Colleague: 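What follows is a structure written as structure tokens; I'll ask about it next.
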Amino acid sequence: MNEITTTLNDFLVNTKSSAALILNGKGKLITSLHLDYADSVAAMSAAIFSMSEKLLIDLDKGALKQLFLKTSEGVVIGNKISGTNFLIAFSRDGSNLGLLMRSTDEVALELSKNSLLK
């Protein structure tokens, strides 16, 4: 678990994101950094991912890879890691959105190699 936490912390530092979490498809929190109520956020996020995946399947638009939410206080990027595991990153600064989306995708790929997240 230390390797996952270190990877997640490095991601936060490199992207200047404010918080991040990793969850499984059932909404169970795997780990989080700098996030209050992470268990609740994980459960609600799993519902959003599940509904989004079903929508894409129904519309024959392929599999969900990444989800982007823009808020009045920043952005939220959700990225599939592997199987049913997801990474969610929160950033108060949306000006580097392209870089944040790419970095989130890259760290998800890196995390997918971890035996706990396969």
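Numbering starts at 1 and runs along the sequence shown. Because the structure is predicted, anything quoted here is derived from the model rather than measured.
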Colleague: Applying the 4.5 Å side-chain criterion to the ILVMFWY set and letting contacts propagate, would Ile4 and Leu29 be lumped into a single cluster?
Modeller: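 No: no chain of side-chain contacts under 4.5 Å links Ile4 to Leu29.
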Colleague: Would you compute the distance between atom OG1 of Thr5 and atom CG of Asn9 and round it to the nearest 0.5 angstrom?
Modeller: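 If I round to the nearest 0.5 Å, the distance is 8.5 Å.
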Colleague: Decide if atom CD of Glu106 counts as having more than 12 heavy atoms of other residues, nucleotides or ligands within a radius under 6.0 Å.
Modeller: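 Yes.
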Colleague: Show me the donor-acceptor pairs, under 3.5 Å and distance only, between side chains in residues 35-44 and residues at least two apart or in other chains.
Modeller:
none

Colleague: Is the shortest heavy-atom distance from the side chain of Thr84 to the side chain of Lys26 under 4.5 Å?
Modeller: no
Colleague: OG/Ser103 to CG/Asn96 distance, rounded to the nearest 0.5 angstrom?
Modeller: 8.0 Å
Colleague: Between Ser112 and Leu109, is there a donor-acceptor pair closer than 3.5 Å when you use the side chain of the first and the backbone of the second?
Modeller: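 Indeed, once roles are kept as given, a pair shorter than 3.5 Å links the two residues.
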Colleague: Looking at CG of Leu33 and OG of Ser18, how far apart are the two atoms once the value is rounded to the nearest 0.5 Å?
Modeller: 11.0 Å
Colleague: Which heavy atom of Phe90 sits nearest a heavy atom of Ser17, and at what distance?
Modeller: O-CB, 3.3 Å
Colleague: Under a 3.5 Å distance rule, please check whether Asn24 uses its side chain to pair with a backbone N or O of Lys28 as donor and acceptor.
Modeller: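 Yes, Asn24 side chain to Lys28 backbone: donor-acceptor pair under 3.5 Å.
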Colleague: Over all heavy atoms of both residues, which pair between Leu23 and Ile30 is shortest? Give the atoms and the distance, please.
Modeller: C-CD1, 3.9 Å
Colleague: Would you say the side-chain atoms of Ser91 and Asp93 include a donor-acceptor pair closer than 3.5 Å?
Modeller: no
Colleague: Return the minimal non-hydrogen interatomic distance between Thr71 and Val75, and the atom names on each side.
Modeller: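 Closest approach of Thr71 to Val75, heavy atoms only: OG1-N, 4.4 Å.
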Colleague: As an exercise, state the distance from CG of Leu56 to CE of Met51, rounded to the nearest 0.5 Å.
Modeller: 12.0 Å
Colleague: Given 3.5 Å as the limit, does a donor-acceptor pair link the side chain of Asn85 with the main chain of Ile81, or not?
Modeller: no
Colleague: Which residues pass the side chain to side chain contact (heavy atoms under 4.5 Å, CB included) test with Gln66, not counting sequence neighbours?
Modeller: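 Here the qualifying residues are Ile77, Asn79, Met101, Thr104, Asp105.
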Colleague: Of the non-hydrogen atoms in Ala20 and Leu87, which two are nearest, and what is the gap between them?
Modeller: CB-CD1, 4.4 Å
Colleague: Please report the shortest heavy-atom distance between Phe86 and Glu53, naming the atom on each side.
Modeller: CZ-OE2, 4.0 Å
Colleague: Hey, are the side chains of Leu99 and Thr15 touching, using non-hydrogen atoms and a 4.5 Å cut-off?
Modeller: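 No - every pair of side-chain heavy atoms lies 4.5 Å or more apart.
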Colleague: Working note: Phe11 + Leu100, criterion side chain to side chain contact (heavy atoms under 4.5 Å, CB included); need CA distance, chi angles, decisive distance, verdict.
Modeller: CA-CA 10 Å; Phe11 166 77; Leu100 181 59; 4.2 Å; yes
Colleague: Under the side chain to side chain contact (heavy atoms under 4.5 Å, CB included) rule, what do Leu64 and Phe49 come out as? Steps first, then yes or no, please.
Modeller: CA-CA 8 Å; Leu64 177 64; Phe49 282 124; 3.6 Å; yes
Colleague: Calculate, to the nearest 0.5 Å, the distance between atoms NZ and CG belonging to Lys61 and Leu55 respectively.
Modeller: 10.0 Å
Colleague: State, to 0.1 Å, how close Ala19 and His34 come at their nearest heavy-atom pair, and which atoms those are.
Modeller: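 So the two residues come closest at CB-O, 3.2 Å.
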Colleague: Do Leu21 and Thr31 have side chains that get closer than 4.5 Å, going by heavy atoms?
Modeller: no
Colleague: Measure the CG-CD1 distance between Leu67 and Ile88 for me, rounded to the nearest 0.5 Å.
Modeller: 8.5 Å
